[in-house]
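Inspection log for the structure reproduced underneath, given as structure tokens.
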Amino acid sequence: MEDLKGLRVGYALCGSFCTFRQSIGEMKRLVGEGADVFPIMSQNAYSLDTRFGTAADFVAEIEKICGKSVIHTIPQAEPIGPKKLLDVLVISPCTGNTLAKLACGVTDTSVALAAKAHLRNARPLVLGVSTNDALANAAKNIGALMNQKNIFFIPMSQDDPVKKPNSMVVHFEKTKDTIKGALQNRQIQPVYQ
């Protein structure tokens with residue numbers, strides 16, 4: 001598959017606000033390659049203004065790129081499973097909080113429920129980890145999820161080993177390669193140096 005034409009991609013963002021610009025750039029790239037992207041945001045990602053930008057601006061930009069309204073509530077996310085809306089679901093950035101929810105089967109957010117609903121169809125879930133505690137409290141959840149069927153990780157690495165030794169961030173530019181591998185039930189190298 002050289003391009004993603006016609007592939008139905010759910011693309012979810014969680015509250016790692018410092019990575020939104022890169023994530024939105026990747027979303028735009030997928031749309032440019034022909035993917036039909038369904039945007040999803042956690043309630044915090046959808047509603048909180050931060051030093052990285054206003055929620056309204058991010059939502060407006062995402063909806064313009066995708067040509068669809070952002071899924072941001074549990075009732076909006078629930079039909080993803082029964083209607084088999086997606087071929088693949090990407091959560092990027094995926095925070096430590098969302099990793100914990102996924103690892104423990106907690107579905108109290110739009111993103112976590114979207115993942116549960118999508119996985120019921122035995123289709124690939126692609127995670128792009130971005131969290132300051134990836135090599136601390138979140139490590140056990142990353143390990144548990146790496147061992148689960150139909151879950152794949154976009155390559156990640158430490159972003160500042162000296163000042164933030166437990167922090168890891170996703171390599172957004174590897175999203176397409178990870179999706180292609182996941183659709184073939186293959187994990188590309190998940191951790192970079």
Side-chain angles (χ1 to χ4, degrees), residues 9-24 26-27 30 37-48 50 52-53 55 58-59 62 66 70-81 85-86 88-121 123-159 164 166-172 174-175 178-179 182 187 190-191:
V9 179
Y11 197 110
L13 290 84
C14 299
S16 176
F17 299 98
C18 61
T19 64
F20 273 21
R21 189 62 31 226
Q22 293 167 281
S23 188
I24 292 169
E26 198 57 35
M27 182 185 290
L30 295 176
V37 176
F38 293 73
I40 305 164
M41 296 176 84
S42 68
Q43 188 57 39
N44 285 339
Y46 185 82
S47 62
L48 294 179
T50 70
F52 300 103
F58 282 127
V59 170
I62 288 166
C66 299
V70 171
I71 295 168
H72 63 96
T73 67
I74 287 174
Q76 291 170 334
E78 189 276 332
I80 288 172
L85 293 180
L86 308 174
V88 61
L89 172 58
V90 176
I91 303 175
S92 185
C94 183
T95 59
N97 186 50
T98 297
L99 288 166
K101 289 176 186 292
L102 296 174
C104 295
V106 177
T107 57
D108 62 351
T109 67
S110 54
V111 173
L113 185 63
K116 175 190 173 185
H118 176 70
L119 283 170
R120 78 179 236 169
N121 297 319
R123 294 179 179 173
L125 173 64
V126 172
L127 305 179
V129 173
S130 182
T131 180
N132 287 326
D133 72 343
L135 298 177
N137 286 331
K140 63 184 173 287
N141 298 321
I142 292 170
L145 292 167
M146 281 188 171
N147 197 39
Q148 285 192 19
K149 187 176 180 182
N150 298 318
I151 297 180
F152 303 86
F153 283 79
I154 303 169
M156 61 187 131
S157 64
Q158 287 181 287
D159 52 315
K164 301 188 301 180
N166 295 322
S167 181
M168 293 188 85
V169 69
V170 58
H171 287 259
F172 288 99
K174 296 293 186 181
T175 302
T178 308
I179 289 171
Q187 172 68 63
V191 180

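Keep in mind it's a predicted model, so treat the numbers as computed, not measured. Values reported hereafter were calculated over all heavy atoms of this structure, with side chains retained and with hydrogens, waters and symmetry mates removed.
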Under the side-chain contact (heavy atoms from CB on, under 4.5 Å) test, residues paired with T19 that sit two or more places apart: S16, Q22, P93, S130, V169, F172

For R120, side-chain contact (heavy atoms from CB on, under 4.5 Å) partners two or more places apart: P82

Mind checking what makes salt bridge (Lys or Arg N to Asp or Glu O under 4.0 Å) contact with E78, not counting sequence neighbours? none

Smallest separation among heavy atoms of [X] and [Y], with atom names:
X    : Y    : value
A138 : L99  : CB-CD1, 4.3 Å
V70  : Q76  : O-OE1, 3.9 Å
C18  : F52  : CB-CZ, 3.4 Å
V170 : G128 : CG2-CA, 3.6 Å
L48  : A55  : O-CB, 3.6 Å
D133 : G96  : OD1-CA, 4.2 Å

Contacts of S42 that satisfy side chain to side chain donor-acceptor pair (under 3.5 Å) - sequence neighbours left out: none

Just how far is it from atom [atom1] of [X] to atom [atom2] of [Y], taken to the nearest 0.5 Å?
X    : Y    : atom1 : atom2 : value
I24  : L13  : CD1   : CG    : 6.0 Å
Q187 : T178 : CD    : OG1   : 6.5 Å
I179 : L30  : CD1   : CG    : 5.0 Å
F153 : I91  : CZ    : CD1   : 10.0 Å
Q43  : S110 : CD    : OG    : 7.0 Å
I80  : I71  : CD1   : CD1   : 4.5 Å

With the side chain counted from C-beta on, respond yes when [X] and [Y] share a heavy-atom pair under 4.5 Å apart, and no when they do not.
X    : Y    : result
R123 : L86  : no
S92  : V126 : no
M27  : C66  : yes
L119 : I151 : yes
F20  : F58  : yes
N44  : N97  : no

Is a side-chain donor or acceptor of Y11 paired with a backbone partner of E26 at a separation under 3.5 angstrom? no

Counting N and O atoms only, with roles assigned by atom type, does the side chain of N121 sit under 3.5 Å from a partner on the main chain of G81, one being a donor and the other an acceptor? yes

Do M168 and I142 pass the side chain to side chain contact (heavy atoms under 4.5 Å, CB included) test, and can you show the C-alpha distance, the side-chain angles, and the key distance before you say yes or no? CA-CA 11 Å; M168 293 188 85; I142 292 170; 5.6 Å; no

So which pairs with a foot in residues 97-116 pass salt bridge (Lys or Arg N to Asp or Glu O under 4.0 Å), sequence neighbours left out? K101-D108

Apply the test side chain to side chain contact (heavy atoms under 4.5 Å, CB included) to residues N150 and H118: give CA-CA distance (whole Å), side-chain angles for both, the deciding distance (0.1 Å), then the verdict. CA-CA 10 Å; N150 298 318; H118 176 70; over 6 Å; no

May I have all residue pairs that pass side chain to side chain donor-acceptor pair (under 3.5 Å) and include part of residues 139-148, sequence neighbours excluded? none

Return the orientation label for the H72 and Y46 ring planes: parallel under 30°, perpendicular over 60°, tilted otherwise. parallel

